[in-house]
**Q** 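Below you'll find the structure I mean.
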Amino acid sequence: MKSVSFAAVVFCVLAQQIRSSEILVIFPTTAQSHYRVVRPLIHGLLDRGHRVLAITNFPDTAERANLSHIDISGLKPHSKFTTASLGLAKIMSHITGNANAYATVLGHPPVVELLRSGRKFDLVIAEFFTSTPIFAPIAAVVDAPIVGFCPMIQFPWINDLMGMDTAVSYMPTLISDSGDRMSFVQRVGNAVKSAILNVGLNWLNSRAIRYVVKRHYGLRTESAIEAMANLTMIMTNNYRSVFLPYPSLPGIVEVGGIHVVDEKPVSQQDLNDFINNADHGVILFSLGSVVSESSMGTDKLYNILDAFSRLKQRVIMKFDDEKHKKEIPTNVKVVKWFPQRDLLAHPKVLLFITHAGIMSVIETIHCGKPIVAIPIFGDQIVNTHLLVEKQVAVAIKYAHLESDQLFDAINEALTEKYLINMKKLQQLYNDRPHSPLETAVYWTEYVIRNKNESNELLKSERIHLNLYQTYLIDIFTAFLLPPIIAIYIILWTMKRLRKH
């Protein structure tokens, strides 16, 4: 306890040394779930007296004297993903198309006015995602260091920017279909997918990024990586004892769970009545906010509803399609939205059937409830594999979703083994020296305090080395070339002597 108290005192002393700063937050995402990750940090900084200007699709409704917004809602339409399988080609097309789509934000009059005003900031916080190469150069315009905030547990650019090696033998890529314990076949697949993703992000994306950066900032960049080279630090929605325990660098700060707020009593009376009258408990079902449930095939929906109808538990189902109301079983309540965090904390909620989006996964771990995972796309697949490896979730492939399979998966996940394992994972999640928000605030202010030195303070020297220097190819060449030349000369000489 003494060491914890001392750490808290040190944190408070350092915190008092930081003056009120001007902070620019750029989170152009149209996915509200992504913005939920950075909002607690914004409010934490506001509470400490900093002034924040946020460029966002989701301005706060409550006014605060030290918070202002540039509202960019509507500039880039929010397109939901369908439940149809997304191939690599579609993923690459979506990623490379984002450069031009997000460039509309830079042409938005209030943003143009900001960039031309000469206004300076002490820090820029930007969403670390496919849009980052477009917005990272803003930091140079406003003369500030820049911190990236990744809403996922990982993203392909992170290691390259911070100067850390990526080992595909145990580091699953964003679109991997395995966890971090891979068979030979899985390692082959992970290596191939990693290479394809890097090609898509760095090469195919770079041409569009070069054009946008030159047009709006007058800067020349050769690649997506170069456009983000000014990033000082990257926060990730990870926590090593829960997800991926990688070797790391100071510039990669884990704040997984920062979006989880204190639970509140469920306010909707109809939900309360439905839960309180559930003698055998309640199961939640949701595919998140970026998957279009209306794209779900009728056969899949009937399979889900049939499985639910055979359960003794009640089910609260978040579903945005009203075409099938007549087929809803009596033990199922369908709503367009529910307070997921508060429902997961309810003692009568036993299980979460989810798409395994990282925000939902973290909230479920926080509340210690087992999972049935039905991943659809993106990081949901690798998240699912990590949960299955820890034996806190049962996975179902959406393409193979059958009534009996879902029914059996639910009953398996409700067994004692999964609950015990999830409670252990919950304990690991909570066992950390500081809360995610305290960690994020400390490192944010650390970058502000050390503004002039911070750009390379938290990275490794590898960022300055090219490929052959990093892997000592030049040294091996220097050592091996002389013997090779000597052997060649000896063999050539002996050949000439034999002729004579």
Side-chain angles (χ1 to χ4, degrees), residues 33-34 36-38 40 128-129 148-159 162 164-182 186-187 190 193-194 197 233-260 288 341 344 352 354-373 375-395 418 421-437 439-440 443:
S33 58
H34 283 208
R36 283 174 56 212
V37 179
V38 78
F128 190 82
F129 208 53
F149 202 127
C150 181
M152 300 179 176
I153 61 176
Q154 59 170 350
F155 204 72
W157 286 320
I158 292 177
N159 292 349
M162 292 296 110
M164 191 174 87
D165 289 332
T166 299
V168 295
S169 57
Y170 67 93
M171 295 182 178
T173 188
L174 180 67
I175 54 176
S176 177
D177 57 358
S178 63
D180 54 351
R181 301 172 188 173
M182 305 182 212
Q186 288 173 328
R187 282 185 285 120
N190 191 52
K193 289 179 179 179
S194 178
L197 195 58
M233 182 178 74
I234 300 171
M235 299 187 194
T236 67
N237 203 10
N238 186 25
Y239 188 55
R240 57 179 61 88
S241 64
V242 179
F243 296 111
L244 296 169
Y246 291 166
S248 191
L249 287 164
I252 302 174
V253 176
E254 298 180 339
V255 293
I258 190 173
H259 74 285
V260 182
R341 162 72 179 100
L344 284 168
F352 192 19
T354 171
H355 63 316
I358 191 60
M359 264 66 85
S360 293
V361 167
I362 290 175
E363 287 177 7
T364 313
I365 293 172
H366 184 94
C367 296
K369 305 297 170 72
I371 290 172
V372 171
I376 308 294
F377 67 93
D379 70 320
Q380 298 163 16
I381 298 170
V382 70
N383 295 342
T384 296
H385 279 277
L386 294 172
L387 294 170
V388 169
E389 284 181 355
K390 297 177 187 298
Q391 297 186 348
V392 298
V394 179
Y418 288 89
N421 289 338
M422 182 57 91
K423 290 298 182 183
K424 289 178 181 176
L425 192 61
Q426 180 189 34
Q427 185 270 328
L428 290 172
Y429 165 86
N430 287 314
D431 193 351
R432 55 180 94 186
H434 303 292
S435 73
L437 180 57
T439 302
W443 285 104

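Treat the numbers as computed from the prediction; the structure is a model and nothing was measured.
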**Q** Identify each donor-acceptor pair in which a side-chain atom of residues 363-372 lies under 3.5 Å from a protein atom, sequence neighbours left out, and give them as a table.
**A**
{"from": "E363", "atom 1": "OE1", "to": "Q340", "atom 2": "NE2", "distance (Å)": "3.1"}
{"from": "E363", "atom 1": "OE2", "to": "R36", "atom 2": "NH2", "distance (Å)": "2.3"}
{"from": "E363", "atom 1": "OE2", "to": "H259", "atom 2": "NE2", "distance (Å)": "3.4"}
{"from": "T364", "atom 1": "OG1", "to": "S360", "atom 2": "O", "distance (Å)": "2.6"}
{"from": "H366", "atom 1": "ND1", "to": "Y429", "atom 2": "OH", "distance (Å)": "3.3"}
{"from": "K369", "atom 1": "NZ", "to": "L344", "atom 2": "O", "distance (Å)": "2.6"}
{"from": "K369", "atom 1": "NZ", "to": "H346", "atom 2": "O", "distance (Å)": "2.9"}
{"from": "K369", "atom 1": "NZ", "to": "V349", "atom 2": "O", "distance (Å)": "2.8"}

**Q** When rounded to the nearest 0.5 angstrom, what is the spacing between CG in L244 and CG in N238?
**A** 5.5 Å
**Q** Just so I know, are the side chains of M233 and V253 near enough to count as touching, which here means a heavy-atom distance under 4.5 Å?
**A**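 M233 reaches V253 side chain to side chain.
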**Q** About how many Å separate OG1 of T439 and NE2 of H434, when rounded to the nearest 0.5 Å?
**A**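 Between atom NE2 of H434 and atom OG1 of T439 there are 6.5 Å.
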**Q** Would you please name every residue forming a salt bridge (Lys or Arg N to Asp or Glu O under 4.0 Å) with R240, sequence neighbours left out?
**A**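 R240 satisfies salt bridge (Lys or Arg N to Asp or Glu O under 4.0 Å) with E254 only.
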**Q** Evaluate the ring planes of F129 and F155, with Trp represented by its six-membered ring, and classify them as parallel (under 30°), tilted (30 to 60°) or perpendicular (over 60°).
**A** tilted
**Q** Using a 3.5 Å distance criterion without hydrogens, assess whether the side chain of N190 forms a donor-acceptor pair with backbone atoms of V168.
**A**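 Yes, the answer is positive, given that a donor and an acceptor are paired below the 3.5 Å cut-off.
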**Q** Is a donor on one side and an acceptor on the other found under 3.5 Å between the side chain of S241 and the backbone of L428?
**A** yes
**Q** Would you confirm whether Q154, through its side chain, and P172, through its main-chain N or O, come within 3.5 Å as a donor-acceptor pair?
**A**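 Yes, because the side chain of Q154 sits within donor-acceptor range (under 3.5 Å) of the backbone of P172.
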**Q** Could you state the interatomic distance from CD1 (I153) to CG (D379), rounded to the nearest 0.5 Å?
**A**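 Reported value, rounded in 0.5 Å steps: 7.0 Å.
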**Q** Excluding sequence neighbours, so at least two apart, what forms side chain to side chain contact (heavy atoms under 4.5 Å, CB included) with P156?
**A**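 Result, side chain to side chain contact (heavy atoms under 4.5 Å, CB included) vs P156: L174, L197, N198, L201.
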**Q** Can you tell me how far the CG atom of N383 sits from the CG atom of L387, to the nearest 0.5 Å?
**A**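 That separation rounds to 6.5 Å.
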**Q** If you measure from CE on M164 to CD1 on I158, what distance do you get to the nearest 0.5 Å?
**A** 8.5 Å
**Q** By the side-chain hydrogen bond (donor to acceptor under 3.5 Å, both in side chains) test, which pairs, at least two apart or in different chains, include something from residues 384-393?
**A** none
**Q** Please name all residues satisfying side chain to side chain donor-acceptor pair (under 3.5 Å) with Y246, sequence neighbours left out, ordered by chain then number.
**A** none
**Q** Compare every heavy atom of C150 with every heavy atom of I234, then report the nearest pair and how far apart it is.
**A** CG2-CB, 4.5 Å
**Q** According to side chain to side chain donor-acceptor pair (under 3.5 Å), who are the partners of T166, at least two apart in sequence or on a separate chain?
**A**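 Side chain to side chain donor-acceptor pair (under 3.5 Å) list for T166, sorted by chain: N159.
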**Q** Can you name the side chain to side chain contact (heavy atoms under 4.5 Å, CB included) partners of S248, sequence neighbours left out?
**A**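 Side chain to side chain contact (heavy atoms under 4.5 Å, CB included) check on S248 returns I252.
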**Q** Going by the rule side chain to side chain contact (heavy atoms under 4.5 Å, CB included), which residues pair with V37 if we only count those two or more places apart in sequence or in a different chain?
**A**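 Side chain to side chain contact (heavy atoms under 4.5 Å, CB included) list for V37, sorted by chain: F149, P151, N237, I258, M359.
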**Q** With rounding to the nearest 0.5 Å, note down the distance linking CE in M182 to CZ in R187.
**A**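 Answer for the CE-CZ pair, M182 versus R187, is 8.5 Å.
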**Q** Using every non-hydrogen atom in the two residues, find where A395 and V388 come nearest and quote the distance to one decimal.
**A** CB-CG2, 3.7 Å
**Q** Looking at residues at least two apart in the chain, or sitting in another chain, which of them share a side chain to side chain donor-acceptor pair (under 3.5 Å) with D165?
**A** R462
